[in-house]
Amino acid sequence: MVNESRGIYSNLTDYGDPEFSRFIRRAFMSATGYDTEDLERPIVGIADTSSDYNTCHARMPELVEGVKRGVLEAGGLPLVFPTISLHEILFHPTTMYYRNMLAMETEEMIRAQPMDAVVLLGGCDKTVPAQLMAAVSANVPTVFVVTGAMRTGQWRGNRVGACTDCRGYYGRHRAGEITSEELDEVQSVLCSTPGTCMVMGSASTIACVTETLGLTLPGGATPPSGTGDRMRNAVASGRCAVDLARQPIRPREIVTRPNLENALKVLVALGGSTNTIVHLTAIANRVGIKLGIDDLQEISSQIPLLVDCKPSGAVYMEDFHQSGGLPALLKALESELDLDPINVEGRRLGERIDATNPVGNWQTVIRTLDQPLGPTGSLTTLRGSLAPDGAIIKTSAATPELFEHTGPAIVFDGPADAAERLDDPSLCITPDHVLVLRSAGPIAAGMPEAGSLPIPRYLAQQGVKDLVRVSDARMSGTAFGTVVLHCAPESAAGGPLAFVEDGDLIRLSVTDRCIDLLVEKDDLDRRQGGFSPPPLPSRGWARLFAQHVLQANEGVDFDFLAGHE
Ligand code: FES
């Protein structure tokens, strides 16, 4: 007997007559070969974010087939639906500008269509965060499958991979150390297979965070793209989704404060992407939990760097996977974790860790709390007169000699201004200068990954590898340098960055956790008096975004999407 509130009869179309809605639904489904037996099965929606514009998702079609196979094996009915696909490298101005669009679309497609559980397939940087935001809002039982990282390539005997090495080799080219022809050679091997960036960038970090939360199956974060491990995870996730359709465990039962704190601990131990704190703040906000940089700071001061993966370490995601991946890291962190949160299988974290038995030389890549790779504080949060609501610096990928630094500002008014003037020798930038990028926050620019401004060419050619940079932008999780990010409020919201002038002294102190503008208060008050916000875009997504986007410390979600019904 068919349950009339579940399966194909859930989320009925409103025609004013539910029986007619059920009848016509059966009629249209029969057009594609589904009969009564099919329609009695639990339905698993499968969100497909493959696109010719997304090379990180190029192997997704076969993963979709794997998930469908798992659903069918377990007696469910898989129904694939498309959503938009966000590729970090092919989107203007930045995928962050569209993260909330994908989150809204995914949430509404889950709500609008008949499904008892859903499998969300993502991978590239902003896709999984958007889907996590959607999952906790829609609160339909959900399993995540990620596409997996690329494999590394080789250039003249050196192992290379996207995109820490993209930045490293491009920087060497700017410094005159390698020729254009050599850079062309590197370009052809940096991304040697489809998949996500194969360092601990944003995609890899959020995949590990999703597994920590228990929204992927154990071991699901790190199998490289195109491997049997990756495909088996897809098939098993399909089976798991059918179990969830029959015995629901909902995302908001899984995403609890203790579990989010576990995720922050993993983020710090990974030396992971700074973007992750923005996404976790947005996800938490949607379930009514206040989580932010103060929570991150408290955890960061307790948890050392454990994983030797670029850009904070030396190796790549495939090495992390072969060393046991996220389950092995959870085992290494066990004494610091809350072991009670459950995952999509209903298993406590403690049970999952007990079942983990890493073998071989796993502690080469994944260190222990007793013998960590680096000190505590891989991500450090800052406050001060330049960032009253906070900022962040990834100290594990920065230059220790610059942790305590005071220098004069050189100000760029947006990424385009920086691109135009950065290499102009008449600016006379020295290694002492602090590069300030403003008009790059959420309202002004969608918060692009522009914060790690390149080293000016003439300094790079003198061998300068790093400068202090400060902005209201983000940076790629694959990037490195002494870069202060996410200054809040942003300049377009009247934050202090708006009032910095060339030559003003700026003080960074990682020890004191501060980023200060050393300008007399009277001077600053006078400058603030002349502030006027940028004009609102006249229509469409740009207008909605500028009117409703929250600041970095609040997760860059829209104000009307916080909380849940
Ligand atoms: Fe897609 Fe790096 S560009 S994960």
Side-chain angles (χ1 to χ4, degrees), residues 48-61 63 83-99 102 120-132 144-153 160-170 186-211 216 220-227 230 267 270-276 278-279 309-312 316-318 320-321 326 394 397 446-452 473-480:
D48 181 351
T49 53
S50 56
S51 160
D52 285 351
Y53 285 95
N54 196 335
T55 59
C56 297
H57 293 191
R59 306 297 291 266
M60 189 173 286
L63 293 178
T83 64
I84 58 168
S85 183
L86 307 178
H87 188 247
E88 200 58 32
I89 312 299
L90 269 69
F91 263 62
H92 174 81
T94 167
T95 50
M96 190 64 179
Y97 183 57
Y98 299 101
R99 184 201 63 176
L102 175 58
L120 300 177
L121 287 98
C124 194
D125 284 22
K126 306 304 173 293
T127 54
V128 177
Q131 292 172 326
L132 285 165
F144 281 76
V145 173
V146 296
T147 54
M150 303 177 222
R151 312 301 287 265
T152 51
V160 294
C163 234
T164 304
D165 297 331
C166 312
R167 295 168 201 286
Y169 280 94
Y170 184 71
V186 177
Q187 174 185 297
S188 64
V189 292
L190 278 169
C191 305
S192 64
T193 66
T196 50
C197 291
M198 67 285 251
V199 297
M200 196 54 73
S202 299
S204 301
T205 307
I206 205 76
C208 291
V209 158
T210 308
E211 183 178 331
T216 56
T222 58
S225 171
T227 59
R230 172 55 60 209
L267 166 64
L270 291 170
S273 168
T274 48
N275 291 319
T276 311
V278 177
H279 302 316
C309 211
K310 290 187 177 203
S312 297
Y316 297 87
M317 283 303 288
E318 60 199 63
F320 180 45
H321 176 64
L326 201 273
K394 185 176 188 170
M447 211 180 179
E449 292 183 341
S452 53
R474 298 175 300 115
M475 79 171 182
S476 166
T478 66
F480 47 85

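Order of listing sets the numbers, starting from 1, for every ligand and every atom in it.
Heavy-atom proximity to T196, at under 4.0 Å, picks out these atoms of ligand 1: 4 (S). Ligand 1 places these atoms under 4.0 Å from at least one heavy atom of C124: 1 (Fe), 3 (S), 4 (S). For ligand 1, the atoms closer than 4.0 angstrom to any heavy atom of E88 are 3 (S). Atom numbering of ligand 1 starts at 1 in the shown order; those under 4.0 Å from a heavy atom of C197 are 2 (Fe), 3 (S), 4 (S).
Separating the CG atom in L190 from the CZ atom in R167 is a distance of 11.0 Å, to the nearest 0.5 Å. Distance check, rounded to the nearest 0.5 Å: CG of L90 to OG of S85 gives 10.0 Å.
The side chain of I89, and not its backbone, has at least one atom closer than 4.0 Å to an atom of ligand 1 (non-hydrogen atoms only; side chain from C-beta on). Within the 4.0 Å heavy-atom criterion, the part of A203 lying near ligand 1 is the side chain and not the backbone.
In plain terms, the two heavy atoms of T193 and M150 that are nearest each other are O-CG, 3.2 Å. Nearest heavy-atom pair, T49 versus G122, reported as atom, atom and distance to 0.1 Å: OG1-CA, 3.8 Å.
The side-chain contact (heavy atoms from CB on, under 4.5 Å) test with V146 singles out one residue from L121, L120, L63, V128, and that residue is V128.
Backbone or side-chain N, O or S atoms of C56 reach atom 1 (Fe) of ligand 1 at under 2.8 Å. Contact annotation: H87 places no N, O or S atom under 2.8 Å from atom 1 (Fe) of ligand 1. Here C163 fails the criterion, with no N, O or S atom under 2.8 Å of atom 2 (Fe) of ligand 1.
The backbone N or O of T152 sits less than 3.5 Å from a side-chain atom of S192, completing a donor-acceptor pair. With hydrogens and angles disregarded, a donor-acceptor distance shorter than 3.5 Å links the side chain of S204 to the backbone of C197.
Considering only non-hydrogen protein atoms, atom 4 (S) of ligand 1 sits nearest to D125 OD1, 3.2 Å.
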